[in-house]
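Let me begin by presenting the structure, written as structure tokens, before commenting on it.
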Amino acid sequence: MKLFAWPGGPKAPDATVGSSPLAAPVCPSTSVGAETVRGITLMLVAACLATVVLVTQRVLQGWVGDDVFLTWTVTWCVLLGAMQWLLRSAAGWSRASLQWLDTWAQRIARQRAQHRAGATVR
């Protein structure tokens, strides 16, 4: 599975008028693929659902006691409700976090490039 695949592959920088070696390169991962978002969304939902199940079980142990049918019924109702809410929310969270990570990586790369350019001038 390729995380950052883009059509045409990587392109060499153009030597056009007004281009600078310190100019921000176009990052191919800014248009995040559906597979990347789907994978991160599923991991986020799985982690949140596991937490919801554990918290529900802990709460029900003290409240319900030994009634297994009521415990399973309440657990499944909570689980299905949480799953419905999380699946709607998690895709947006995944896209936002990937976009933030891409921006952060570009900022770090730009700082490194400026540092290298400053070192070569000296």
Side-chain angles (χ1 to χ4, degrees):
M1 179 173 105
K2 293 182 181 180
L3 290 180
F4 300 113
W6 60 96
K11 295 186 179 4
D14 293 336
T16 57
V17 177
S19 67
S20 165
L22 297 179
V26 176
C27 183
S29 64
T30 55
S31 61
V32 178
E35 288 296 321
T36 304
V37 172
R38 186 179 301 130
I40 291 177
T41 301
L42 290 177
M43 286 191 297
L44 179 65
V45 168
C48 290
L49 287 178
T51 304
V52 166
V53 168
L54 288 175
V55 169
T56 304
Q57 288 294 325
R58 296 286 173 137
V59 168
L60 288 177
Q61 279 178 352
W63 179 53
V64 176
D66 291 335
D67 190 0
V68 176
F69 178 74
L70 183 59
T71 302
W72 275 100
T73 304
V74 171
T75 301
W76 276 103
C77 289
V78 169
L79 183 66
L80 292 174
M83 190 179 332
Q84 182 180 16
W85 179 76
L86 282 171
L87 286 174
R88 291 182 182 179
S89 310
W93 296 339
S94 298
R95 279 192 192 90
S97 62
L98 283 175
Q99 200 168 31
W100 181 85
L101 286 171
D102 280 342
T103 305
W104 174 79
Q106 285 179 345
R107 188 176 64 240
I108 296 297
R110 192 174 302 121
Q111 290 173 353
R112 286 182 185 161
Q114 289 173 349
H115 179 68
R116 286 184 193 138
T120 57
V121 171
R122 290 182 221 157

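Heavy-atom basis, side chains included; hydrogens, waters and symmetry copies ignored. Just so you know, these numbers come straight off a predicted model, no measurement behind them.
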Does a side-chain heavy-atom distance below 4.5 Å link R107 with Q111? yes
Heavy-atom pair of closest approach, residues T71 and D67: OG1-O, 2.7 Å
Enumerate, atom names and distances included, each donor-acceptor pair closer than 3.5 Å involving a side-chain atom of residues 47-60, sequence neighbours excluded.
| residue | atom | partner | partner atom | Å |
| --- | --- | --- | --- | --- |
| T51 | OG1 | A47 | O | 3.0 |
| T56 | OG1 | V52 | O | 2.7 |
| Q57 | NE2 | T75 | OG1 | 2.9 |

Once you round to the nearest 0.5 Å, how far does OG1 of T103 lie from CD1 of I108? 11.5 Å
Can you hop from W72 to L79 via hydrophobic side chains spaced under 4.5 Å? yes
If hydrophobic clusters are built by linking Ile, Leu, Val, Met, Phe, Trp and Tyr wherever their side-chain heavy atoms come under 4.5 Å apart, do L80 and L44 end up in the same one? yes
Under 4.5 Å between side-chain heavy atoms, counting indirect links through other Ile/Leu/Val/Met/Phe/Trp/Tyr residues: same cluster for L98 and L42 or not? no
Shared hydrophobic cluster for W85 and M83 (ILVMFWY, side-chain gaps under 4.5 Å): yes
Residue set satisfying side chain to side chain donor-acceptor pair (under 3.5 Å) with T73, at least two apart, ordered chain then number -> none
When hydrophobic residues are tied together by side-chain contacts of less than 4.5 Å, even through go-betweens, does W63 share a cluster with V78? yes
